[in-house]
Amino acid sequence: MKEIIRLEHIKRDFQVGEETVHALRGVSFTIHEGEFVTIMGTSGSGKSTLLNTLGCLDTPTAGEYFLDGISVRTMGKNERATLRNRKIGFVFQSYNLLAKTTAVENVELPLMYNPSFNAAARKEKAIESLKAVGLGDRLQHKSNQMSGGQMQRVAIARALVNDPAVILADEATGNLDTRTSYEILVLFQRLHAEGRTIIFVTHNPEIAHYSSRNILLKDGRIVSDTYNDNIQSAAKELAKLPVEVDN
Ligand SMILES: Nc1ncnc2c1ncn2[C@@H]1O[C@H](COP(=O)(O)OP(=O)(O)OP(=O)(O)O)[C@@H](O)[C@H]1O
Ligand SMILES: [Mg+2]
């Protein structure tokens with residue numbers, strides 16, 4: 001399989017007053033196309049810093065990062081922004097959708113920076129992406145008119161709309177109840193089955209059972225990196241959960 005991400009001895013220091021915080025202390029790994037990687041570790045271990053690095057939202061203090069074969073360090077700011085827009089889809093814990101804006105409009109956003117799509121093409125792609133996450137019947141709903149699970153689906157549709165090389169998720173199920181979390185996991189597993197590359201940061205050790213690989217961070221270092229040869233089915237787990245009755 002093709003190599004999508006290669007990190008070589010990535011370090012990230014933050015200067016806070018007199019003190020230097022070593023958030024990443026030399027992280028190296030390679031991720032190939034089609035992997036579903038969970039990244040775990042206690043609070044402060046460097047997960048978000050690592051994800052921000054992978055998403056070109058943050059620049060390492062030292063080390064090399066190759067995204068789809070391109071050295072991110074050597075790129076200019078604009079070039080990097082374009083690379084981020086084309087190659088990476090982000091999903092956050094708090095959805096990060098525009099309020100009072102429809103699902104279609106939210107999903108269209110990443111395409112605004114892509115001159116190869118006009119307004120009609122943007123809309124068509126956004127609708128296609130929303131249908132793919134099971135929201136074909138919520139196209140015109142605004143963010144504040146949707147449930148948490150639906151908002152997260154919109155965010156996933158937005159992450160997918162550019163057909164990115166990799167999807168980065170930071171605690172994407174962190175705000176959701178158990179049942180909705182499994183529904184979102186089912187969706188991620190389907191994307192994985194379709195060949196998508198996913199990197200999913202989580203506190204929840206259960207989620208590692210549904211991914212193909214788990215990287216464990218501690219104090220800015222990788223302490224284990226294991227492949228899962230017994231991937232569990234989130235759909236099966238979902239089917240076992242009791243159905244909640246509204247009252
Ligand atoms: N912008 C920043 N300035 C200074 N220190 C920072 C900054 N961002 C992160 N850190 C520090 O770097 C370390 C790693 O932070 P990071 O946010 O990556 O942890 P995390 O594993 O995502 O934690 P959590 O599980 O709580 O989200 C922490 O000690 C944090 O205080
Ligand atoms: Mg974090």
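For ligands, and for the atoms within them, numbers begin at 1 and follow the listed sequence. Computed from a predicted structure; not experimentally measured.
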Considering residues, nucleotides and ligands other than N118, do more than 12 of their heavy atoms fall under 6.0 Å from its CG? yes
When every non-hydrogen atom of S211 is compared with those of F36, the smallest separation belongs to CB-O, 3.2 Å
Does S48 bring an N, O or S atom to under 2.8 Å of the Mg ion (ligand 2)? yes
Which atom pair, heavy atoms only, marks the closest approach of I184 to G149? CD1-O, 3.8 Å
Do the side chains of R196 and F188 get nearer than 4.5 Å, heavy atoms only? no
How about S48 and D170: does a side-chain donor come under 3.5 Å of a side-chain acceptor? yes
Less than 4.0 Å from some atom of ligand 1, heavy atoms are found in residues F14, V16, V21, A23, T42, S43, G44, S45, G46, K47, S48, T49, H203
Got a sec, which residues hit ring-ring contact (aromatic ring centres under 6.0 Å, His included) with F117, two or more places apart in sequence or on another chain? none
